[in-house]
Number of protein chains: 2
Amino acid sequence: MGMRIGDAAAATGTTPRALRFYEQRGLLLPPRTASGQREYGPREIARIRLVRQLLALGLTVEDVAGCADRLDLLEGDTLPPYGSPGCTGGTGVVQRRIAALNDEIGRLTRLRDRLASSVPEPGGAPETVAGPIPETLACPSP
Amino acid sequence: MGMRIGDAAAATGTTPRALRFYEQRGLLLPPRTASGQREYGPREIARIRLVRQLLALGLTVEDVAGCADRLDLLEGDTLPPYGSPGCTGGTGVVQRRIAALNDEIGRLTRLRDRLASSVPEPGGAPETVAGPIPETLACPSP
DNA sequence: TTTGCCCCTGACGTACGGGTCAGGGTTTAC
DNA sequence: GTAAACCCTGACCCGTACGTCAGGGGCAAA
């Protein structure tokens, strides 16, 4: 009675390949027909949407998989208590993700600033040659 | 008369594998002995250091390869005019890299903010359940 | 029943900067 | 002379979220 994978993918803005991928990683577990075809009912569709929302929030597939058993859709499309200690895979998946994002933002920002300070002004004279590389970037010297 | 790859790697804080990798991508071109062993003189060593500095600045191997013919070490360890139009591979390699970094920083920052706003306070009550997902994140609905 | 579209699994490709063998040749020190 | 330590190339490995075949089976309409 449910849709097959192509329709389910179209209904959720994904692809069949992505749905098989999520299933392989344990995010989904759609029932099969006798011949092995996947079947997607309203619950599976809702679950796919939730998974996609979590991924869009910046969580990785692994993060979501770690909390997969908490993704109870009977209560509607609300976020499960990722921040709570009961979450499988350890506490604070989202907090750790935020911390990781902050680390990455800081790293990229420092990188950009160093790069920007080693080069002439974007609108400056085209023939200007940048100065020496800052000592803080030096590689080990003999 | 020059060092072999192991010593060159040790002298520049890299590994033999990395030096072969740079060579494969066109960043280095050390001469060979009759038997095929790579030889690294002072110029090659200086070039390796420069390449590593550029990579540490956030440029990709491809970026550096695009300007490889401008990496003239006879003038010492100064940055070549990457920002100038004469650079092989198009103008403004560094500017494009900075722009790409800015894009990425913005993307990660927006991601972090959305993620942070969808979850309870980090120090808040552990059993608090987050509210519904913001509509702005909704996936296509039927 | 045939046509044609859909589905299945499995495997490889993508970008990045190398790490890590595997199998065999070279150089160096004793 | 020989053994240790080094070097060579080629090839597969990492992580992320899938895309893209390849080869074979299922399902509904005509």
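Labels below follow one simple rule: chain letters A, B, ... track the order of the sequence lines, proteins then strands, and each chain is numbered from 1. The figures here come from the full heavy-atom set of this structure, side chains too, leaving out hydrogens, waters and symmetry mates.
Side-chain atoms of A/Thr60 lie closest to D/dA17 of the nucleotides D/dA17, C/dC16, C/dA11. Nearest nucleotide to the side chain of B/Glu62, out of C/dC16, C/dG18, D/dG19: C/dC16.
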Protein-to-nucleotide contact annotation, 5' to 3' order, nucleotides 4-9 of chain C [B base; S sugar-phosphate only; - none; under 4.0 Å, heavy atom]: ---SSB
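Ion pair A/Glu23/A/Arg38 flagged as a salt bridge, since at least one NZ, NE, NH1 or NH2 atom sits closer than 4.0 Å to an Asp/Glu carboxylate oxygen.
Counting heavy atoms from C-beta outward, B/Ile45 and B/Met3 have side chains that approach closer than 4.5 Å. No side-chain heavy atom of B/Glu39 sits less than 4.5 Å from a side-chain heavy atom of B/Pro30.
Distance A/Arg25 CZ to D/dG15 P: 9 Å, rounded to the nearest Å. C/dG18 atom C1' lies 6 Å from atom CZ of B/Arg17, rounded to whole Å. The nearest whole Å value for the distance from the CZ atom in A/Phe21 to the P atom in C/dT14 is 18 Å. Atom pair A/Leu55:CG and D/dG15:C1' shows a separation of 15 Å (rounding to whole Å applied). Following rounding to the nearest Å, A/Gln24 (CD) and D/dT16 (P) show an atom-to-atom distance of 14 Å. The distance from atom CD of B/Glu39 to atom P of D/dC6 is 18 Å, rounded to the nearest whole Å.
Between B/Tyr22 and the phosphate of C/dG18, there is a side-chain N or O to OP1/OP2 separation shorter than 4.0 Å. Within the 4.0 Å cut-off from OP1 or OP2 of C/dT26, not a single side-chain nitrogen or oxygen of B/Thr33 is found.
A distance-only check finds no donor-acceptor pair linking the side chain of B/Thr14 to the backbone of B/Ala18 [under 3.5 Å]. Of the possible polar contacts, none joining the B/Asn102 side chain to the B/Ala99 backbone as a donor-acceptor pair under 3.5 Å is found. Judged by distance alone, the side chain of B/Arg47 and the main-chain N or O of B/Leu27 form a donor-acceptor pair under 3.5 Å.
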